[in-house]
Every structure is written in structure tokens, then in C-alpha cells.
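Heads up: the structure comes next, in C-alpha cells.
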Amino acid sequence: MVEPVATDRLFLGLFPDQSALARIEQAARRLPRDLCPSAASRASRYHVTVHHLGDYPGLASGLVDAALAATARIQAAAFDIVLDRVASFRGRRKHPLVLRCPDESPGVLGLWNASH
């Protein structure tokens with residue numbers, strides 16, 4: 001039996017406001033092109049992944065509905081986040097730009113705690 005191929009990624013994410021997006025784009029343009037050649041041209045995809053829910057061979061509506069119901073209950077105050085590390089995913093053809101913050105960042109911990 002052939003295993004189904006995971007074609008869809010489900011995650012909880014936050015998208016930057018226009019001011020933050022502009023600052024991220026400026027920072028991406030200053031990075032060496034060999035680190036992430038498409039960084040500045042992918043601004044529409046910039047986000048902060050809060051929690052990766054998994055990769056699936058198609059998204060069942062029940063799974064999406066459960067994720068939406070869970071996120072509807074999350075309440076958190078606004079917070080600042082400092083993205084001070086640059087990385088990428090190994091083994092990926094397009095080498096996406098990944099800006100990271102320390103795992104112990106107060107804003108991230110507060111959001112994580114609010115979602116659990």
C-alpha cells in the first residue's frame with residue numbers, strides 16, 4: 001500500500017501589520033542572497049508560526065473546524081516580539097527565510113500559555 005503524500009500544512013500563525021512587514025522586508029533585503037535568494041520577494045507569506053499542527057494528505061474539514069474552534073477561545077494581550085535570529089529549513093528546495101526569536105521570549109510564552 002502506498003502512503004499518501006502530505007500536501008497540506010496546517011499551523012496557527014500571526015501575520016505582521018504593515019509597519020512590521022516593512023521592517024521585515026528591509027531586513028530581508030540586507031541578507032546575503034545565497035542565504036535566502038527569494039526572501040524579499042515573498043513578503044505576502046511572512047508570518048509568525050505559533051504552533052505547527054501537522055502536514056496532511058488533504059485537510060479534512062473536521063480538522064480545520066477543530067483548529068478554528070480552538071483558536072476562537074484564545075485571548076491574549078498585544079505583545080512585542082524581537083526576531084533576532086535568521087535560519088532556513090534544511091532539505092527544502094526554496095530555502096525559506098526563517099526569522100526566529102528566543103524560545104523564552106515573554107510575548108511568545110504569553111501567547112503559548114494563552115493557547116493551552
**Study point:** Side chains of Leu14 and Val50 in contact at under 4.5 Å (non-hydrogen atoms)
**Key:** yes

Check your understanding: Any donor-acceptor pair under 3.5 Å linking the side chain of Asp8 with the backbone of Pro57?
Key -> no

Check your understanding: Does Phe15 have any ring-ring contact (aromatic ring centres under 6.0 Å, His included) partners at least two apart in sequence or in another chain, and if so, which?
Key -> His47

Practice item. Check whether Phe11 and Leu59 end up in the same hydrophobic cluster, where Ile, Leu, Val, Met, Phe, Trp and Tyr are linked by side-chain heavy atoms less than 4.5 Å apart. Key: no

**Study point:** Residues in side chain to side chain donor-acceptor pair (under 3.5 Å) contact with Ser19, at least two apart in sequence or another chain
**Key:** Arg23

Review point. Where is the tightest heavy-atom contact between Leu10 and Ala67, given as atom of each residue plus distance?
Key: CD2-CB, 4.4 Å

Exercise for review: To the nearest 0.5 Å, tell me how far Leu12 CG sits from Thr71 OG1.
Suggested key: 6.5 Å

Point to revise | Cluster check Val5, Tyr56: I/L/V/M/F/W/Y, side chain < 4.5 angstrom | key: no

